[in-house]
Amino acid sequence: MHQPAASLESMKITQTVDPIFPRSLMNSGVTTGACQVAISVDASGRLSEVLVIRYTFPEFGDAAVAALKRWTYVPARMNGEAVASTLDLVFNFEARGVVVSTATVGEAAQAMILRLLGDTYAYGPCPLEKLDRVPIPTVTVMPQYSKELAAKGVKGPVTVEYYIDETGAVRMACVSPDDNQILGALTVAAVSQWKFAPPTSHGRPVLVKASQVFDFKGDDS
């Protein structure tokens with residue numbers, strides 16, 4: 001059965017509060033910096049999760065998170081229905097007049113950020129090839145794919161992207177708007193409950209980005 005294209009209206013930020021440039025860094029002679037933060041907003045418009053992905057100094061991440069908790073949001077809508085969604089934001093800090101700008105992160109923007117930061121960021125996701133070992137799940141939960149959905153022809157592959165933090169917890173699980181959103185919601189709910197052995201690099205716990213593909217076969221299986 002052909003699935004009609006979903007109509008997605010992105011999450012909106014309706015009110016912002018500028019982060020405060022950390023005084024401790026300013027007193028130390030630091031005048032610029034940046035951090036990248038992922039946020040999750042639920043279907044009621046509540047900020048449900050915040051994850052600092054990278055920073056030049058940890059104080060910038062703390063300042064961004066403190067500000068984000070004071071922002072207000074309008075949830076994303078899929079076919080007119082409010083749904084949970086995630087968004088990446090970049091905060092560029094400048095001590096001159098405490099000027100702070102934010103930008104939504106796409107692939108091109110993220111590549112530019114990494115080029116600008118170079119090796120100056122003190123924290124960020126560890127590349128998979130630099131891990132001591134492939135992340136090993138200790139708890140897995142499979143999506144609750146019902147016979148009713150299969151009979152209706154709701155099927156196809158879904159790719160869930162997520163972070164595994166230093167404790168082995170899954171953070172910021174999400175799927176592409178191009179994937180079937182019913183199946184996407186099932187997979188996000190399942191993968192969010194997964195647990196991993198803490199990922200390490202040279203014996204040190206690290207943050208890592210990972211993905212998992214689920215292929216729902218419908219009545220063809």
Side-chain angles (χ1 to χ4, degrees), residues 3 6 8 11 35-55 61 65 68-69 73 75-76 78 81-89 105 107 110 123-150 154-218 220-221:
Q3 299 297 318
L8 175 65
M11 172 204 315
C35 69
Q36 181 180 345
V37 184
I39 63 173
S40 179
V41 172
D42 66 18
S44 68
R46 182 181 66 89
L47 181 66
S48 57
E49 187 178 6
V50 182
L51 177 64
V52 177
I53 298 172
R54 54 172 50 86
Y55 52 67
V65 170
L68 285 165
K69 290 179 178 179
Y73 309 86
M78 182 66 64
E81 181 178 352
V83 294
S85 62
T86 62
L87 181 68
D88 279 8
L89 296 164
V105 181
E107 291 183 3
Q110 183 164 312
Y123 174 82
C126 181
L128 289 173
E129 63 271 17
K130 292 188 177 181
L131 293 177
D132 294 333
R133 62 190 64 84
V134 174
I136 301 170
T138 57
V139 175
T140 58
V141 176
M142 296 306 295
Q144 297 298 306
Y145 184 49
S146 67
K147 293 181 179 179
E148 288 78 11
L149 286 177
V154 180
K155 62 182 180 178
V158 174
T159 301
V160 184
E161 293 189 340
Y162 55 94
Y163 290 92
I164 307 170
D165 71 13
E166 291 87 344
T167 71
V170 169
R171 309 287 302 278
M172 294 294 167
C174 66
V175 298
S176 167
D178 295 331
D179 287 338
N180 182 286
Q181 294 303 299
I182 295 175
L183 300 178
L186 296 178
T187 56
V188 166
V191 172
S192 295
Q193 300 177 66
W194 288 17
K195 301 290 184 183
F196 288 81
T200 60
S201 179
H202 303 292
R204 180 176 62 88
V206 293
L207 178 72
V208 64
K209 190 171 186 180
S211 64
Q212 179 70 41
V213 178
F214 295 84
D215 195 3
F216 298 88
K217 298 292 188 180
D220 299 335
S221 57

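Sequence positions, counted from 1, serve as the residue numbers for this chain. Atom set for the values below is all heavy atoms of this structure, side chains included, hydrogens, waters and symmetry mates excluded. Bear in mind that the values here come from a model prediction, so they are computed numbers and not experimental data.
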message = Walk me through whether Leu207 and Arg54 qualify under side-chain contact (heavy atoms from CB on, under 4.5 Å).
response = CA-CA 10 Å; Leu207 178 72; Arg54 54 172 50 86; over 6 Å; no
query = Nearest 0.5 Å, what's the CD1-NZ distance between Ile53 and Lys209?
reply = 7.0 Å
ask   = Parallel, tilted or perpendicular: which fits the ring planes of Tyr55 and Tyr123, with parallel below 30° and perpendicular above 60°?
value = parallel
key: Short side-chain to backbone donor-acceptor contact, Asp179 and Thr159, under 3.5 Å   = yes
ask   = Any idea which heavy atoms bring Ala190 and Pro143 closest together, and the distance?
value = CB-N, 3.6 Å
inquiry  = Any heavy-atom pair between the side chains of Tyr145 and Leu183 that's under 4.5 Å?
reply    = yes
task = For Gly45 and Pro75, work out which heavy atoms get closest and say how close.
result = CA-CD, 3.8 Å
ask   = Measuring from Leu51:CG to Gln36:CD, what's the distance to the nearest 0.5 Å?
value = 9.5 Å
task = Output yes when a side-chain donor or acceptor of Arg171 lies under 3.5 Å from a complementary backbone atom of Val50, and no otherwise.
result = yes
query = Would Leu186 and Phe214 satisfy side-chain contact (heavy atoms from CB on, under 4.5 Å), going step by step from the backbone distance to the final call?
reply = CA-CA 10 Å; Leu186 296 178; Phe214 295 84; over 6 Å; no
key: Note, Glu148 side chain near Val154 side chain (heavy atom, < 4.5 Å)   = no
key: Nearest non-hydrogen partners of Lys155 and Lys217, listed with the distance   = CD-O, 3.7 Å
Stepwise side-chain contact (heavy atoms from CB on, under 4.5 Å) test for Gln193 and Val170 = CA-CA 7 Å; Gln193 300 177 66; Val170 169; over 6 Å; no
Separation of Ile39 CD1 from Thr86 OG1 (nearest 0.5 Å) = 8.5 Å
key: Over all atoms of both residues, closest heavy-atom pair of Leu128 and Val208   = CD2-CG2, 3.4 Å
key: Check: Ser40 main-chain N/O paired with Ser48 side-chain donor or acceptor under 3.5 Å   = yes
task = Report yes if some heavy atom in the side chain of Val206 is under 4.5 Å from a heavy atom in the side chain of Lys130; otherwise report no.
result = no
key: Close side-chain approach of Tyr73 to Leu68, heavy-atom, < 4.5 Å   = yes
inquiry  = As an exercise, state the distance from OG of Ser176 to CD of Gln181, rounded to the nearest 0.5 Å.
reply    = 7.5 Å
Val160 to Ala173 - nearest heavy-atom pair and separation = CG1-CB, 4.1 Å
ask   = Which atom pair, heavy atoms only, marks the closest approach of Val158 to Gly184?
value = CG1-CA, 4.1 Å
inquiry  = I'd like to know if the side chain of Asp132 reaches the main chain of His202, judged simply by a donor and an acceptor atom lying under 3.5 Å from each other, with no hydrogens or angles considered.
reply    = yes
note = The complete set of ring pair (Phe, Tyr, Trp, His ring centres under 6.0 Å) pairs with one or both residues in residues 166-191, sequence neighbours excluded, reads none
key: Side chain to side chain, Glu166 and Pro198, heavy atoms closer than 4.5 Å   = no
For Phe196, ring-ring contact (aromatic ring centres under 6.0 Å, His included) partners two or more places apart = none
inquiry  = A side-chain contact here means heavy atoms from C-beta on lying under 4.5 Å apart; do Leu149 and Phe216 qualify?
reply    = no
query = Say you draw a straight line from CD1 of Ile164 to OH of Tyr162; how long is it, rounded to the nearest 0.5 Å?
reply = 5.0 Å
